[in-house]
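First comes the structure, then the notes that go with it.
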Amino acid sequence: MPNRKTRFPRILWISILIFLIVLITFPRWIGFFYPQPHRDLVLSAAYENNIDPYLVFAVIRAESKYQTGAQSSAGARGLMQIMPDTAKWIAEQQGIEDITPEKLHEPETNIRLGCWYLASLNKEFEGRMPLVIAAYNAGRGKTREWVIEQKWDGDPEKIDNIPYEETRLYVKNVLANYRAYRAIYASR
């Protein structure tokens with residue numbers, strides 16, 4: 001039976017070795033928690049609409065946890081949780097016909113519409129990402145109202161000023177997801 005003096009250093013060395021392995025392989029295993037589902041579709045639609053694909057992945061993670069069949073109690077559907085009425089409006093803007101609520105569960109349709117919508121919000125809110133994210137959740141009208149009434153100006157340091165708790169939490173979540181995606185994948 002080994003004495004305590006020889007056991008402690010082994011445990012210490014094993015702990016150090018495990019720590020080093022985790023540190024060295026960090027980008028690989030952390031990707032498990034921040035995957036890039038439907039990567040080719042996201043990259044294509046994001047670049048086509050001139051938006052950051054990491055923002056799209058951050059929204060997908062927050063909205064549906066990567067589940068194509070996701071449906072909210074309010075009726076939002078698919079990876080990016082698009083409301084059927086919003087999908088119809090987007091389709092009209094793009095000249096797309098026969099968009100049905102069921103098609104919002106198809107990754108290609110959902111991502112294409114969601115990326116276009118993010119790009120539209122990005123243009124309206126002049127690239128101010130916190131405002132874009134808030135508008136994606138609460139609606140562009142509400143977000144515009146908060147800015148006009150000086151309730152929240154889009155400053156990421158003042159997210160707690162967002163009047164809706166759900167939107168406050170959503171913006172914080174998506175921004176955290178976005179930072180994680182950038183940290184994991186942008187340096188590769």
Side-chain angles (χ1 to χ4, degrees), residues 30 33-38 41-43 45-67 70-94 99 101 104 109-187:
I30 198 67
F33 298 103
Y34 292 89
Q36 294 181 321
H38 312 286
L41 293 174
V42 169
L43 293 178
Y47 292 132
E48 180 180 314
N49 289 285
N50 198 30
I51 58 171
D52 190 334
Y54 300 121
L55 174 60
V56 179
F57 287 120
V59 167
I60 290 171
R61 185 175 198 273
E63 289 287 355
S64 67
K65 299 277 190 277
Y66 319 110
Q67 302 300 310
Q71 184 167 330
S72 74
S73 57
R77 297 171 187 240
L79 290 167
M80 297 184 74
Q81 288 293 279
I82 301 171
M83 293 293 289
D85 287 344
T86 303
K88 286 180 187 175
W89 178 80
I90 294 168
E92 286 173 9
Q93 303 303 307
Q94 293 190 295
I99 290 291
L104 293 176
T109 300
N110 193 280
I111 290 168
R112 189 174 76 217
L113 296 178
C115 285
W116 185 93
Y117 190 55
L118 280 172
S120 171
L121 294 172
N122 193 48
K123 183 177 180 182
E124 180 173 344
F125 293 102
E126 300 171 344
R128 298 175 66 199
M129 190 177 298
L131 287 171
V132 171
I133 296 166
Y136 194 88
N137 178 262
R140 60 188 349 130
K142 272 292 171 206
T143 304
R144 216 176 310 117
E145 181 182 303
W146 297 335
V147 172
I148 291 167
E149 294 176 359
Q150 298 180 353
K151 292 180 179 177
W152 181 56
D153 62 1
D155 184 344
E157 300 298 318
K158 297 178 184 174
I159 290 174
D160 288 330
N161 292 349
I162 296 173
Y164 293 176
E165 180 182 15
E166 176 188 332
T167 303
R168 263 194 313 271
L169 296 173
Y170 180 80
V171 171
K172 289 178 182 180
N173 185 16
V174 173
L175 286 174
N177 290 344
Y178 177 72
R179 285 190 297 271
Y181 271 104
R182 300 262 328 148
I184 295 165
Y185 297 105
S187 62

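- S64 contributes a side-chain N or O that, together with a main-chain N or O of I60, makes up a donor-acceptor pair within less than 3.5 Å.
- Between the side chain of Q150 and the backbone N or O of V147 there is no donor-acceptor pair closer than 3.5 Å.
- Formation of a donor-acceptor pair under 3.5 Å by the N161 side chain with backbone atoms of W152 is not found in this model.
- When side chains are defined from C-beta on, L121 does not count as touching T143, because their heavy atoms never get closer than 4.5 Å.
- Atom CE of residue M83 and atom CH2 of residue W89 lie 15.0 Å apart, to the nearest 0.5 angstrom.
- At a threshold of 4.5 Å between non-hydrogen side-chain atoms, the residues F125 and R140 count as touching.
- Side-chain atoms of D52 come within 3.5 Å of backbone atoms of Y54 as a donor-acceptor pair (strictly under, hydrogens ignored).
- P53 and V42 make their closest contact through O-CG1, 4.0 Å (heavy atoms, listed as atom of the first residue, atom of the second, distance).
- The two residues C115 and I51 make their nearest non-hydrogen contact at O-CD1, 3.5 Å.
- One distance of note links CD1 of I133 with CG of L175; it measures 4.0 Å at 0.5 Å rounding.
- For residues 110-121, no pair satisfies salt bridge (charged side-chain N to carboxylate O under 4.0 Å, His left out), with sequence neighbours left out.
- In terms of heavy-atom proximity, I82 sits nearest to G114 at CD1-N, 3.5 Å.
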side-chain contact (heavy atoms from CB on, under 4.5 Å), that's the test. Do V174 and N137 meet it? Break it down for me. CA-CA 10 Å; V174 173; N137 178 262; over 6 Å; no
Derivation and outcome, side-chain contact (heavy atoms from CB on, under 4.5 Å), residues Q93 and S120: CA-CA 10 Å; Q93 303 303 307; S120 171; over 6 Å; no
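- The stretch residues 162-182 participates, sequence neighbours left out, in these ring pair (Phe, Tyr, Trp, His ring centres under 6.0 Å) pairs: Y34-Y181, F57-Y181, W146-Y164, Y181-Y185.
- For the pair V171 and P130, the tightest heavy-atom approach, listed with the atom from each and the gap, is CG2-O, 4.2 Å.
- Within 6.0 Å of atom NZ in K88, 12 or fewer heavy atoms from other residues, nucleotides or ligands are found, so the atom counts as exposed in its surroundings.
- Rounding to the nearest 0.5 Å places NZ of K142 at 13.5 Å from CD1 of I162.
- In this structure, the separation between OG1 on T86 and OH on Y136 is 8.5 Å, given to the nearest 0.5 Å.
- Interatomic distance, CG of N173 versus CD of E63, reported as 9.5 Å (0.5 Å rounding).
- For the atom pair N122 CG and L55 CG, the distance stands at 8.0 Å (nearest 0.5 Å).
- Among all heavy-atom pairs drawn from I99 and A87, the shortest one is CG2-CB, 4.0 Å.
- Smallest separation of non-hydrogen atoms from M80 and N110: N-OD1, 2.7 Å.
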